[in-house]
Amino acid sequence: MSDTHSLDALIAALRRLPGVGQKSASRMAYHLLQNDREGAQLLSRALHEASASMRHCERCHTFTQQAVCATCLDPSRDLSRLCVVETPADQAALERTAAYKGLYFVLLGRISPLDGIGPQDIGIDLLFKRACDGVVQEVILATNFTAEGEATAHVVSEGLKSRGLKVTRLARGVPVGSELEYVDLGTIAHALADRR
């Protein structure tokens with residue numbers, strides 16, 4: 001048995017993080033063990049506590065420590081608007097803008113036939129039930145602008161429209177502060193098509 005089994009296990013665990021390869025995981029592991037043992041203990045405790053106490057909100061599926069998250073319980077939110085996102089991280093990004101005051105529904109993924117992920121795997125039936133509660137008037141689709149995100153938005157949009165709901169999609173186009181000559185052609189084409 002290797003005398004660095006614990007170090008190897010730490011590196012393997014760090015590699016599970018998105019975007020972290022062998023070199024980055026090794027660098028992090030060596031840094032924590034050599035220079036920041038206190039940080040390693042803090043990280044360990046925080047991971048243990050979060051994995052033990054965080055769960056999905058019963059209404060919107062974001063992360064929360066309670067049965068229902070603070071956003072869903074906030075009486076100042078606009079109950080007539082429901083924004084559909086792929087992940088809790090996407091919801092957090094929208095919340096940081098302070099531009100949206102409605103409620104959310106987190107799909108916990110996106111449709112990806114190549115990975116064997118279909119509509120039933122991401123909770124679309126729960127979304128349809130939530131959106132058809134008689135209170136929601138508009139569903140805003142805020143899935144990512146990837147092939148999978150677009151497919152998810154299409155399936156959700158068709159399902160909600162057939163149930164008589166107003167469905168809108170986040171706009172896309174040229175980023176603020178950018179110069180046209182450096183913007184990719186697909187983005188320019190969508191900006192032209194979606195101009196107002």
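Residues take their numbers from the sequence shown, with the count starting at 1.
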Participant: Between atom OG1 of Thr71 and atom OH of Tyr104, what is the distance when rounded to the nearest 0.5 Å?
Facilitator: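 If we round to the nearest 0.5 Å, Thr71:OG1 and Tyr104:OH are 7.0 Å apart.
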
Participant: Decide yes or no for Ile11 and Gln22: does some side-chain heavy atom of the first lie under 4.5 Å from some side-chain heavy atom of the second?
Facilitator: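 Yes, side chains in contact.
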
Participant: What's the separation between atom OG in Ser112 and atom CG in Asp121, rounded to the nearest 0.5 Å?
Facilitator: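 Taking OG in Ser112 and CG in Asp121, the distance rounds to 10.5 Å.
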
Participant: Please enumerate all residues that pass salt bridge (charged side-chain N to carboxylate O under 4.0 Å, His left out) together with Arg169, with sequence neighbours excluded.
Facilitator: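 Glu150.
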
Participant: Mind checking whether Arg59 and Arg130 have side chains closer than 4.5 Å, heavy atoms only?
Facilitator: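 Yes - at least one pair of side-chain heavy atoms lies under 4.5 Å apart.
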
Participant: Identify the two heavy atoms, one from Arg110 and one from Gly149, that lie closest to each other, and give their separation to 0.1 Å.
Facilitator: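 For Arg110 and Gly149, the tightest heavy-atom pair comes out as CD-N, 4.1 Å.
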
Participant: Enter the distance from Gln91:CD to Thr62:OG1 here, rounded to the nearest 0.5 Å.
Facilitator: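 Answer for the CD-OG1 pair, Gln91 versus Thr62, is 3.5 Å.
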
Participant: So which residues get pulled into Val155's cluster when ILVMFWY side chains under 4.5 Å apart are joined, directly or through others?
Facilitator: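 Result for Val155 is Leu79, Leu82, Val84, Leu103, Phe105, Leu107, Ile111, Ile117, Ile122, Ile124, Leu126, Leu127, Phe128, Val135, Val136, Val139, Leu141, Val156, Leu160, Leu165, Val167.
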
Participant: Are more than 12 heavy atoms from other residues, nucleotides or ligands located less than 6.0 Å from atom NE2 of His31?
Facilitator: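 Count over threshold, so yes.
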
Participant: If you group Ile, Leu, Val, Met, Phe, Trp and Tyr by side-chain heavy-atom gaps below 4.5 Å, do Leu42 and Tyr30 land in one group?
Facilitator: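 Leu42 does not cluster with Tyr30.
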
Participant: Which pair of non-hydrogen atoms, one from Thr97 and one from Leu94, has the smallest distance, and what is that distance?
Facilitator: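 Closest heavy-atom pair between Thr97 and Leu94: OG1-O, 2.6 Å.
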
Participant: Mind checking who shares a hydrophobic cluster with Phe63, ILVMFWY linked at side-chain heavy-atom distances under 4.5 Å?
Facilitator: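 Same cluster as Phe63: Met54.
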
Participant: Any chance you could pull the hydrophobic cluster mates of Leu32, using side-chain heavy atoms under 4.5 angstrom and chaining through other members?
Facilitator: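 So far as hydrophobic clustering goes, Leu32 is joined with Leu43, Leu47.
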
Participant: Between CG of Leu73 and CD of Gln66, what distance do you get to the nearest 0.5 Å?
Facilitator: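 Between atom CG of Leu73 and atom CD of Gln66 there are 9.0 Å.
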
Participant: I need the Thr64 OG1 to His56 NE2 distance, nearest 0.5 Å.
Facilitator: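 Interatomic distance, Thr64 OG1 to His56 NE2, rounded to 0.5 Å: 11.0 Å.
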
Participant: For Arg163, enumerate each residue passing the side chain to side chain donor-acceptor pair (under 3.5 Å) test, keeping only those at least two apart in sequence or located in another chain.
Facilitator: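 If we apply the side chain to side chain donor-acceptor pair (under 3.5 Å) test to Arg163, skipping adjacent residues, there are no hits.
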
Participant: If we only count heavy atoms from C-beta on, is the Val68 to Cys60 side-chain gap below 4.5 Å?
Facilitator: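 Not touching, per the 4.5 Å side-chain cut-off.
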
Participant: Measure across Val20 and Ala25 and return the closest heavy-atom pair with its distance rounded to 0.1 Å.
Facilitator: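 So the two residues come closest at CG1-N, 3.6 Å.
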
Participant: I'd like to check Ser24 versus Arg27 (side-chain heavy atoms, cut-off strictly below 4.5 Å). Are they in contact?
Facilitator: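 Yes, at least one pair of side-chain atoms sits under 4.5 Å.
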
Participant: Is there a side-chain contact between His48 and Ser44 (heavy atoms, below 4.5 Å)?
Facilitator: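 Of all side-chain heavy-atom pairs linking Ser44 with His48, none is under 4.5 Å.
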
Participant: Could you tell me the separation between the CZ atom of Arg55 and the SG atom of Cys69, rounded to the nearest 0.5 Å?
Facilitator: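 Here the interatomic distance stands at 11.5 Å.
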
Participant: Residues in salt bridge (charged side-chain N to carboxylate O under 4.0 Å, His left out) with Asp78, at least two apart?
Facilitator: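 With sequence neighbours excluded, Asp78 shows a salt bridge (charged side-chain N to carboxylate O under 4.0 Å, His left out) to Arg81, given in chain and number order.
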
